[in-house]
Structure formats: C-alpha cells, structure tokens
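The structure appears right after this line, and notes come after that.
We number each residue from 1, following the sequence as shown. Hydrogens, waters and symmetry mates are skipped; everything else that's a heavy atom, side chains included, is used.
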Amino acid sequence: MRFSGLAAPGWLMFAAVVGALSIGYVWVLRLRRKYTLRFTNLELLETVAPARPSWSRHIPPALLLVGLLLLTVALAGPVAQTRVPRNRATVILAIDVSLSMRATDVSPSRLAAAQAGAKTFADNLTPGINLGLEAFAGTASMLVSPVTDHTATDNALDHLQLAERTATGEAIFTALQAIDTLAGVLGGGSAPPPAARIVLESDGKQTVPADLNDPRGAFTAARLAKEHNVPISTISFGTTAGAIDLNGSHIPVPVDDDSLRRIAELSGGSFFTATSADELQASYQNLQQQIGYETHLGDASRPWLILGSILIAVAAGTALVLHQRLP
C-alpha cells in the first residue's frame with residue numbers, strides 16, 4: 001500500500017487520538033494492577049478473584065488501535081500515481097522506404113523487420129489513439145490518415161514499396177500537416193490533439209536536400225515540431241556493416257545515428273537504436289508504453305480503508321469470542 005502524497009494531511013492529527021487511547025489503555029491496566037496489590041490478603045484474593053487473565057485479552061484492543069490508525073491514513077486522502085490509457089492522442093508512424101532498407105544486415109531484411117516491428121507497435125497501441133502511417137523516400141506519402149482503427153495501418157504495412165533517396169525533412173513536415181488536419185477535424189482549433197507524436201524509423205541520413213538545416217531539411221522540421229509541441233521519437237535501425245547491391249555495384253549503407261539523435265533532441269523526443277529485429281521490437285514496446293499511457297495522481301485510500309475496517313471487525317469478533325463483550 002504505497003502512496004506518493006496526501007490530499008488532506010490534516011486528518012493525520014487524528015492519530016493523536018489513537019495514541020491517547022493507547023496510553024489510556026496502558027494506564028487502566030496499571031491502575032487495575034495497583035488495586036490488586038493493595039489487596040493484602042492474597043489467600044482470600046485467590047479464592048474470590050477469577051483466574052489471571054491471559055495475554056490474549058490484549059489482542060482485541062491492539063487490533064482496534066491498528067485499525068483506527070489505518071482509517072486515519074485513509075481519511076488523510078493518500079494519492080498514488082496511476083497509469084491511464086491515453087485517448088484522443090495522435091501518433092504518426094513514419095517508415096523509411098529508401099533503397100537502403102533492402103539491406104540484409106538485419107534478418108531477413110531491414111524493411112521486413114521494420115514491417116514486423118511496426119505491426120506489433122500498431123497492434124499493442126492503446127485503442128483510443130489515432131494512429132497514422134507514412135512512408136518516405138525521395139518524397140513522403142500518408143498511407144493511412146490518423147484513425148483509431150489500427151488494422152488499417154497493419155494492412156498498409158504489407159504493401160510498402162522501396163524507392164530512391166531519403167527526404168527525412170519532408171516526412172516530418174507531412175506528419176505535422178496530418179496532425180494539424182486532424183486537430184481541425186476534431187474541433188481543437190490550430191493546436192494539435194493532446195500527446196501528438198511522430199515516431200520516425202530510418203536507417204540513413206537525409207539525402208534530399210543534402211543540408212539538414214535547409215528550409216525543407218530534417219533539422220528545420222524538427223525545430224518546427226518543437227514549436228508545435230510534437231516530439232519526434234526516432235529509431236535508428238540497422239548496422240554500420242549494411243550494404244546493398246544496386247545495378248551490379250556493392251554499395252555500403254551504414255546506419256546514421258547522429259542525425260536521427262539530433263532530430264529527437266531538437267524536437268524534444270526520444271532516440272532509440274536497433275541493430276536487430278529483437279532490439280527494434282524492444283524499442284517499439286518502450287514507445288508503446290510512453291505513448292499509450294499517461295500518469296495521473298489518483299485516490300489510493302481504498303486499500304487503507306478496507307484493511308482498517310477488516311481489523312476493527314476482527315477486533316470486535318475476537319472480543320466477543322474471548323470475552324463475550326466488545327473491546
């Protein structure tokens with residue numbers, strides 16, 4: 001029964017009453033013992049007094065006092081952090097489909113592993129979240145507009161097609177536009193829905209335009225995302241040993257962590273690296289927990305109330321069984 005704070009800590013003062021009752025109980029016991037010692041004819045006392053009471057007589061009062069302490073904590077209104085599924089949030093999943101995703105340094109290929117990981121992410125994401133899917137290479141295309149039916153994203157992931165070049169900036173700009181459009185549809189004005197986020201998975205550096213600080217570059221887009229309070233969580237997927245065969249040439253396509261890390265930093269998002277399908281699944285699971293739930297302070301008094309009430313009831317029952325009276 002953990003809690004992180006109290007809504008009405010003033011009620012803890014009632015613990016002083018419980019303490020006073022405890023002191024009073026001990027005082028009464030000593031007073032009885034004092035009167036007993038004053039009875040000088042011990043032989044006569046043994047004949048008229050009942051048998052010495054057992055230690056069990058202390059059980060009902062002890063349970064009663066502990067129960068009152070627990071109820072005191074309940075009255076103070078303990079609160080604890082609880083994880084609540086998000087609703088009316090928007091997530092755009094942007095998948096890199098440039099030719100480098102053909103590399104097989106991740107089995108069976110970067111693209112196939114990315115599709116499997118994204119499907120798991122979509123399947124496990126909180127149902128109330130609007131999920132959209134975007135594919136980008138030399139251009140960016142929204143394949144699925146943000147909707148709460150995540151099966152649409154599942155189906156679209158099966159039909160991703162590879163293309164030349166990598167326009168990461170365009171991918172971010174397109175995702176931001178989709179978020180703004182949904183905000184207008186939902187009647188939220190120009191502000192994006194709560195907890196809007198872009199999840200961008202890529203294996204390489206932007207190639208179009210070459211300068212990431214270009215007006216249409218990834219760093220510029222990341223700064224705009226920050227202004228719109230839309231963090232970008234990036235996943236750098238692949239290894240430095242990646243390569244593809246293109247038109248008879250063996251072309252290295254090493255993963256580029258630096259630019260993707262910087263995009264996450266500029267936008268206020270998180271950065272993940274994945275060099276295998278398992279690591280990609282772990283990254284998506286982490287994101288699913290971050291995005292799918294939010295933490296709230298909620299009432300945590302119920303366990304204290306239940307246990308306190310049970311102890312008081314047990315105290316009364318024990319007193320009736322042992323002494324045929326209530327404590």
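With hydrogens and angles disregarded, no donor-acceptor distance shorter than 3.5 Å links the side chain of Gln288 to the backbone of Tyr284. Checking side-chain atoms of Ser98 against main-chain N and O of Glu164 turns up no donor-acceptor pair under 3.5 Å. Distance alone, capped at 3.5 Å, is enough to place a donor-acceptor pair between the His150 side chain and the Ala122 backbone. Here the side chain of Ser267 pairs a donor or acceptor atom with the backbone of Ile232 at under 3.5 angstrom. Between the side chain of Ser141 and the main chain of Ala135, no donor-acceptor pair closer than 3.5 Å is present. Under a 3.5 Å cut-off, the side chain of Asn286 and the backbone N or O of Ala282 do not form any donor-acceptor pair. Under a 3.5 Å cut-off, the side chain of Asp105 and the backbone N or O of Thr239 do form a donor-acceptor pair. Under a 3.5 Å cut-off, the side chain of Thr126 and the backbone N or O of Ile129 do not form any donor-acceptor pair.
Between Pro146 and Ile92 the shortest heavy-atom distance is CG-CD1, 3.5 Å. Among all heavy-atom pairs drawn from Ile263 and Ala218, the shortest one is CD1-CB, 3.7 Å. Across Phe237 and Ala114, no two heavy atoms sit closer than the pair CE2-N, 4.0 Å. Nearest heavy-atom pair, Val91 versus Val199, reported as atom, atom and distance to 0.1 Å: CG1-CG2, 4.0 Å. Closest approach of Ile179 to Val230, counting heavy atoms only: CD1-CG1, 3.7 Å. The two atoms that bring Phe136 and Ser202 nearest to each other are CZ-CB, 4.2 Å, heavy atoms only.
Side-chain contact between Ile235 and Leu287: present, with at least one pair of heavy atoms (C-beta onward) separated by less than 4.5 Å. When side chains are defined from C-beta on, Phe271 does not count as touching Glu265, because their heavy atoms never get closer than 4.5 Å. No side-chain heavy atom of Leu266 sits under 4.5 Å from any side-chain heavy atom of Lys226. In this structure, Arg262 and Thr234 have side chains that are not in contact, with every pair of non-hydrogen atoms separated by 4.5 Å or more. Proximity of Leu160 to Leu143: side-chain heavy atoms (C-beta onward) are separated by under 4.5 Å at one or more points. Looking at Ile172 and Ile198, their side chains come closer than 4.5 Å, going by heavy atoms from C-beta outward. Counting only heavy atoms from C-beta outward, the side chains of Leu64 and Leu311 never approach each other to under 4.5 Å.
Both Ile312 and Leu65 sit in one connected hydrophobic cluster of ILVMFWY residues. Membership requires side-chain heavy atoms under 4.5 Å apart, directly or through other members. The hydrophobic cluster containing Leu246 also contains Val97, counting ILVMFWY residues as joined when their side-chain heavy atoms lie under 4.5 angstrom apart, directly or transitively. Linking Ile, Leu, Val, Met, Phe, Trp and Tyr whenever their side-chain heavy atoms come within less than 4.5 Å leaves Val106 and Val255 in two separate clusters. Both Val73 and Val314 belong to a common hydrophobic cluster when Ile, Leu, Val, Met, Phe, Trp and Tyr are linked at side-chain heavy-atom distances under 4.5 angstrom. Clustering ILVMFWY residues whenever any of their side-chain heavy atoms sit less than 4.5 angstrom apart, transitively, puts Leu68 in a cluster other than the one holding Met13.
Note that the CG atom of Leu6 and the CG atom of Leu75 stand 11.0 Å from one another [nearest 0.5 Å]. Here the CG-OG1 distance, from Asp245 to Thr104, works out to 8.5 Å after rounding to the nearest 0.5 Å. Taken to the nearest 0.5 Å, the CD atom of Glu227 stands 10.0 Å off from the CG atom of Leu176. Ile306 CD1 to Leu71 CG: the interatomic distance, rounded to the nearest 0.5 Å, is 11.5 Å. Remark: Glu201 CD to Phe121 CZ distance equals 11.0 Å, nearest 0.5 Å. Separation of atoms CG (Leu200) and CG (Asp96) is listed at 7.5 Å; rounding is to 0.5 Å.
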Subject >> Criterion side chain to side chain donor-acceptor pair (under 3.5 Å) on Asn247 and Ser249, from CA distance to verdict >> reply: CA-CA 6 Å; Asn247 299 325; Ser249 300; over 6 Å; no
**OP:** Kindly indicate, with the supporting measurements, whether the criterion side chain to side chain contact (heavy atoms under 4.5 Å, CB included) is fulfilled by Met101 and Ile244.
**Re:** CA-CA 9 Å; Met101 291 291 285; Ile244 60 172; over 6 Å; no
Original post:
side chain to side chain contact (heavy atoms under 4.5 Å, CB included) between Asp258 and Leu260: does it pass, once the steps are laid out?
Top reply: CA-CA 6 Å; Asp258 293 339; Leu260 293 172; over 6 Å; no
Original post:
Can Asn124 and Gln285 be said to form a side chain to side chain contact (heavy atoms under 4.5 Å, CB included), step by step?
Top reply: CA-CA 8 Å; Asn124 294 328; Gln285 288 176 6; 5.6 Å; no
Original post:
Where do Thr174 and Met142 land on the side chain to side chain contact (heavy atoms under 4.5 Å, CB included) test, with the steps shown first?
Top reply: CA-CA 8 Å; Thr174 301; Met142 285 299 304; 3.7 Å; yes
**OP:** Could you walk me through whether Ser100 and Asp203 pass side chain to side chain donor-acceptor pair (under 3.5 Å), step by step?
**Re:** CA-CA 7 Å; Ser100 57; Asp203 65 346; 2.8 Å; yes
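Ring geometry, Tyr25 versus His58: the interplanar angle exceeds 60°, so the pair is classed perpendicular (tilted spans 30 to 60°).
Residues Ser301 and Asp299 have side chains that bring a donor and an acceptor to within less than 3.5 angstrom of each other. A side-chain donor-acceptor contact under 3.5 Å links Ser236 and Asp257. For Asp256 and Ser259, the side-chain atoms include at least one donor-acceptor pair closer than 3.5 Å. A donor-acceptor pair shorter than 3.5 Å can be found between the side chains of Arg197 and Ser233. For the residue pair Asn213 / Arg223, a side-chain donor-acceptor distance below 3.5 Å is found, with atom types taken as modelled.
Taking 4.0 Å as the cut-off between side-chain N and carboxylate O, Lys119 and Asp158 count as a salt-bridged pair.
Both tests pass for Arg216 against the ring of Phe173: distance under 6.0 Å to the centre and angle within 45° of the axis.
Here Gln206 pairs with nothing under the side-chain hydrogen bond (donor to acceptor under 3.5 Å, both in side chains) rule; sequence neighbours left out.
The stretch residues 129-154 participates, sequence neighbours left out, in no salt bridge (charged side-chain N to carboxylate O under 4.0 Å, His left out) pair at all.
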